[in-house]
Amino acid sequence: QVQLVESGGGLVQAGGSLRLSCAASGRTFSTYTMAWFRQAPGKDREFVAGIKWDVGSTSLADSVKGRFTISRDNAKNTVYLQMSSLKPEDTAVYYCAAKWTSVVFTTPATYAYWGQGTQVTVSS
């Protein structure tokens, strides 16, 4: 069982930066693939970034490449999403997700564990 708690969301102007954190419980955190998804009002939940357990392999959605970075600290049971050059279209609730696998899946339904979400609002 894994419990996830996101933090770090807020209101930021376009061009600004935010860092989201996701703290996980569970002794086997280091063996889980972790991912960030987001969901804007009226839209489907979409994949943003994922990182495999070995921290060396990451995957980013095309819409955030060059602006967002995902990382993890297995000693702290925490995964991070560093967001830079934010745009109004990045406004959404951001969710952390976990799956016991060695693959970064981009489909939300494949993830077994979810956090409660944190709101990110980017003003123009």
Side-chain angles (χ1 to χ4, degrees):
Q1 189 77 8
V2 176
Q3 293 184 328
L4 306 173
V5 179
E6 301 98 334
S7 61
L11 174 64
V12 63
Q13 289 188 332
S17 299
L18 280 175
R19 189 177 79 159
L20 305 183
S21 299
C22 173
S25 64
R27 295 177 295 174
T28 59
F29 171 79
S30 62
T31 63
Y32 281 73
T33 283
M34 303 297 296
W36 288 95
F37 289 80
R38 66 187 181 186
Q39 188 166 18
K43 295 188 177 181
D44 292 334
R45 192 168 296 189
E46 65 173 0
F47 173 80
V48 176
I51 185 166
K52 293 169 60 175
W53 69 271
D54 61 358
V55 309
S57 299
T58 63
S59 180
L60 294 166
D62 288 343
S63 60
V64 305
K65 283 181 180 177
R67 301 188 298 122
F68 291 12
T69 303
I70 186 171
S71 61
R72 67 190 293 169
D73 185 337
N74 288 338
K76 296 183 178 180
N77 280 13
T78 302
V79 62
Y80 304 98
L81 184 67
Q82 178 66 49
M83 306 185 294
S84 302
S85 301
L86 283 161
K87 304 175 181 180
E89 50 263 44
D90 294 317
T91 295
V93 177
Y94 283 71
Y95 296 91
C96 177
K99 180 177 175 64
W100 192 52
T101 179
S102 61
V103 177
V104 176
F105 291 96
T106 61
T107 304
T110 61
Y111 286 81
Y113 304 103
W114 291 87
Q116 82 288 350
T118 186
Q119 177 71 46
V120 172
T121 303
V122 184
S123 63
S124 57

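All values derive from a computational prediction rather than experimental measurement.
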- request: Go through the steps for K87 and D90 under the test salt bridge (Lys or Arg N to Asp or Glu O under 4.0 Å), then give the verdict.
  value: CA-CA 5 Å; K87 304 175 181 180; D90 294 317; over 6 Å; no

- request: For the pair T101 (side chain) and V103 (backbone), establish whether a donor and an acceptor sit closer than 3.5 Å, ignoring hydrogens and angles.
  value: yes

- prompt: Any idea how W114 and F37 line up, ring-wise: parallel (<30°), tilted (30 to 60°), or perpendicular (>60°)?
  reply: tilted

task: Indicate the ring-plane relationship of F68 and Y94, choosing parallel, tilted or perpendicular according to the 30° and 60° boundaries.
output: tilted

query: Any donor and acceptor pair, going by atom type alone, linking the side chain of Y111 with main-chain N or O of T33 inside 3.5 Å?
result: no

- request: Report yes or no: does E6 contribute a side-chain atom to a donor-acceptor pair with the main-chain N or O of G117 at less than 3.5 Å?
  value: yes

- prompt: Would you say S25's side chain and Q3's backbone share a donor-acceptor pair under 3.5 angstrom?
  reply: yes

- request: Indicate if V104 and V64 have the same hydrophobic cluster label, given that clusters are the connected sets of ILVMFWY residues with side-chain heavy-atom separations under 4.5 angstrom.
  value: no

field: CE on M34 to OG1 on T78, rounded to 0.5 Å
entry: 9.0 Å

message: Nearest 0.5 Å, please: how far is CG in L86 from CD in Q13?
response: 11.5 Å

task: State yes or no: do V120 and I70 share one hydrophobic cluster built from I, L, V, M, F, W and Y residues joined by side-chain heavy-atom distances below 4.5 Å, directly or via other members?
output: yes

message: Q39: which residues meet the side-chain hydrogen bond (donor to acceptor under 3.5 Å, both in side chains) condition with it, sequence neighbours left out?
response: R45

Gap separating the NZ atom of K65 from the OG atom of S59, nearest 0.5 angstrom: 7.0 Å

task: Specify the closest pair of heavy atoms between S124 and P88, including all atoms of both residues, with the distance to one decimal.
output: CB-CG, 3.9 Å

- request: Indicate, with yes or no, if Y113 and L20 share a hydrophobic cluster defined by side-chain heavy-atom contacts under 4.5 Å among Ile, Leu, Val, Met, Phe, Trp and Tyr.
  value: yes

message: Could you check whether any side-chain heavy atom of R38 comes within less than 4.5 Å of a side-chain heavy atom of S63, counting everything from C-beta outward?
response: yes

message: With a 6.0 Å cut-off (strictly less than), is the heavy-atom count around CD of Q116, excluding the residue itself, greater than 12?
response: yes

- prompt: Is the number of heavy atoms from other residues, nucleotides or ligands under 6.0 Å of E89 CD greater than 12?
  reply: yes

message: Within this structure, what is the CG-OH distance for the pair D73 and Y80, rounded to the nearest 0.5 Å?
response: 5.0 Å

statement: When rounded to the nearest 0.5 Å, the distance separating CZ of F47 from OG1 of T110 is 9.5 Å

- prompt: For the side chain of T91 and the backbone of V122, is there at least one donor-acceptor N/O pair under 3.5 Å apart?
  reply: yes

